[in-house]
Every structure is written in C-alpha cells, then in structure tokens.
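Take a look at the structure below.
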Amino acid sequence: MLRLEQVSLDIDGRRLLDNVSLDCPAGSVTALIGPNGAGKSTLLSLMAGDRVPSAGRVLLDDVEPTRLSARELAARRAVMPQDSMLHFAYRVRDVVHMGHALRDLPPDEDEQRVADAMAQVEITDLADRNAMTLSGGEQARTTFARIRVQQTPIVLLDEPTAALDLRHQEQLLQRSAAWARQGHCVVAVMHDLNLAAAHADRLALLENGRLVAEGTPWEVLESQRLETVYRQRVAVMTHPERGCPVVVTAP
Ligand code: ADP
Ligand code: MG
C-alpha cells in the first residue's frame with residue numbers, strides 16, 4: 001500500500017504540489033489524471049522516492065522512501081519514467097535483464113522471467129537489437145518488460161501508453177490491471193481519460209498541484225468538473241461494452 005499524507009512540494013518558491021492526501025491500495029490500479037503541468041509526474045517522483053516532500057509524508061508500506069537505500073527501494077517499487085527513451089547501446093534483452101539488478105534471484109529463474117516479460121509485450125523478436133534503434137513504442141514496451149522483471153509490490157508508471165498503438169495500449173494496461181489483481185499496487189499517470197476510465201479502479205484528478213477529485217471513474221469523470229479543470233467542453237458517454245465512462249470533446 002502506498003499512502004500520501006498531506007504532501008506538499010515547493011521548488012524555487014513555487015508550490016508544485018499542495019497538501020495532497022491519497023491512498024493507493026495494493027490490489028488496485030490508481031490513475032493520476034489532470035491537465036498538462038498539473039503535477040502528475042512530480043507526484044509520481046515523490047512516490048518513487050526521487051524527490052523529498054517539503055511537507056507531509058509519503059509512505060510505502062509505512063516506510064518513507066527517502067529513508068531506504070537504493071537496493072531497498074528497488075525491491076519495493078519499480079518506475080517506468082515518462083520519457084522511457086533508452087540512451088545506451090544495450091541489447092533489448094540486456095535492458096530487460098536490468099530489472100534484476102539489485103534483486104537476488106536464481107539465474108535460471110532470471111532467464112525465464114526475462115523471456116516471459118519480453119513475450120508478454122511482444123518484443124521477443126527484438127531481443128538482440130540495439131535498444132537505441134527501437135521506435136518510441138518499442139522502447140516503452142522494453143521498459144515495461146524491464147519493470148515486470150523487477151517484480152516489486154509497488155509499480156509506478158508515468159504515461160506508459162503515450163507512445164503505443166491501440167493494440168499495445170490495451171495489452172499493456174490489461175497486463176497492469178492483472179498485475180494489480182495479483183496484489184500489486186499499480187499507480188499510473190494517464191493522459192488519456194478513456195484509457196484511465198477503462199483500466200483503473202480509482203482516478204485521482206490533479207489541478208494546479210491540488211487533488212480536486214478522487215474516486216471511481218464514474219465519480220470523477222463528471223462533465224462539469226472536467227470542463228472546469230481542463231477548460232474544454234466535453235460530453236461523457238457510456239462505453240458500449242465496458243460500461244465505463246467515455247469522454248469526448250465537444251466544440
Ligand atoms: P504533469 O502533470 O504534466 O506531469 P509535472 O508534474 O511534470 O506536470 O509538472 C508540474 C509543474 O511543475 C509544471 O508547471 C512544471 O513546469 C513544474 N516543474 C516540474 N519540475 C520542476 C522543477 N524541477 N523546477 C521547477 N518547476 C518544475
Ligand atoms: Mg507528466
């Protein structure tokens with residue numbers, strides 16, 4: 001379980017996050033949504049322990065991440081960054097293997113996990129390619145495979161589907177939801193409200209560093225609220241198969 005208690009963050013005299021309290025339970029997918037610059041990635045970086053809050057506390061199973069060593073952090077939480085471009089000329093399979101760095105698993109279990117993770121995101125054929133030569137979507141899937149191999153109770157994804165086509169968006173988010181069903185705590189920054197509505201159990205809506213709504217997709221994706229927060233007219237409909245909300249823009 002991941003908990004934020006009245007978390008604020010000030011950088012250079014600017015309040016980027018203001019008194020955010022949020023519980024992200026194990027066994028569920030929580031999507032962080034909100035307009036550009038609302039503070040979603042910043043909030044995820046606090047959850048990851050990459051930044052220290054100016055006030056309040058972040059708790060990963062009752063421990064503040066900034067008190068943990070790199071090895072302890074790597075055992076508790078995996079992070080898929082917003083820009084998951086790979087900057088070194090490693091082979092794809094070696095990048096996925098890096099999920100095991102700092103974990104102590106038997107080597108043959110390693111090999112099987114790496115092969116399974118690559119197969120799940122359909123990058124097996126790319127295994128020997130230089131990771132830097134992959135397309136944006138292929139790189140994102142490689143990073144996702146790496147964090148699956150890391151096998152942590154907490155999984156933090158920053159816009160994991162931004163570079164993916166429809167099939168791979170659906171696949172990655174179904175995998176993430178299934179991961180949550182197995183007891184993991186999954187938190188994902190999601191740009192696309194419809195993907196968030198379809199795949200997350202809870203939505204947390206940020207506006208200017210403040211949490212303005214939190215709840216199920218139907219509770220949060222209320223048209224008047226979205227119009228105020230996004231400054232854009234919208235219509236909210238019902239997904240014909242899933243029964244979840246669908247948000248479309250209106251002129
Ligand atoms: P998003 O919701 O789009 O992910 P971010 O969390 O990246 O937004 O950024 C929230 C706000 O904080 C933005 O206005 C951004 O410009 C600002 N910001 C992010 N990091 C810093 C920083 N290190 N110094 C100053 N401002 C920052
Ligand atoms: Mg962001």
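One-based numbering, in listed order, for ligands and for the atoms of each. When a residue number appears, it is its place in the shown sequence, counting from 1. Just so we're clear, the structure is a prediction, and the values are computed from it rather than from any experiment.
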So which of Asp158, Thr42, Leu44 gets nearest to atom 9 (O) of ligand 1, if we judge by its closest heavy atom? Thr42
If we ignore angles and hydrogens, is there a donor and acceptor under 3.5 Å between the side chains of Glu111 and His97? yes
Give me the residue, atom name and distance of the protein heavy atom closest to atom 26 (N) of ligand 1. Leu16 CD1, 3.9 Å
Quick check on Gly39 - does any of its heavy atoms sit under 4.0 Å from an atom of ligand 1? yes
What is the nearest protein non-hydrogen atom to atom 7 (O) of ligand 1, stated with its residue, atom name and distance? Ser41 CB, 3.7 Å
Can you tell whether the side chains of Arg181 and Asp201 come within less than 4.0 Å, N to carboxylate O? yes
Salt-bridge contact Glu122-Arg167 (side-chain N to carboxylate O under 4.0 Å): yes
Per-atom contacts of ligand 1 with Ile11, taking only distances under 4.0 Å to non-hydrogen atoms: 22 (C), 23 (N), 24 (N), 25 (C)
Pair Ser21, Gln6: side-chain N/O donor-acceptor within cut-off below 3.5 Å: no
May I ask you to check whether Thr42 brings an N, O or S atom to under 2.8 Å from the Mg ion (ligand 2)? no
Gln82 backbone or side-chain N/O/S under 2.8 Å from the Mg ion (ligand 2): yes
Return the residue, atom name and 0.1 Å-rounded distance of the protein heavy atom closest to atom 15 (C) of ligand 1. Arg14 NH1, 4.5 Å
Nearest protein heavy atom to atom 11 (C) of ligand 1, by residue and atom, and its distance? Gly37 O, 3.5 Å
Honestly, for Glu159 the part within reach of ligand 1 (heavy atoms, under 4.0 Å) is neither
Are the charged groups of Glu170 and Arg242 less than 4.0 angstrom apart, N to O? yes
Look at Arg141 together with Glu138 and state whether they make a salt bridge at an N to O cut-off of under 4.0 Å. no
I want to know if ligand 1 touches Leu43 in the polar sense, i.e. an N/O pair below 3.5 angstrom. no
Closest protein heavy atom (residue, atom, distance) for atom 20 (N) of ligand 1: Arg51 NH2, 3.9 Å
With a 4.5 Å cut-off on side-chain heavy-atom distances among I, L, V, M, F, W and Y, is there a chain of contacts connecting Leu16 to Val212? no
Heavy-atom gap Asn36 to ligand 1 smaller than 4.0 Å: yes
Answer yes when Asp110 and Arg113 have at least one side-chain N-carboxylate O distance shorter than 4.0 Å, and no when they do not. no
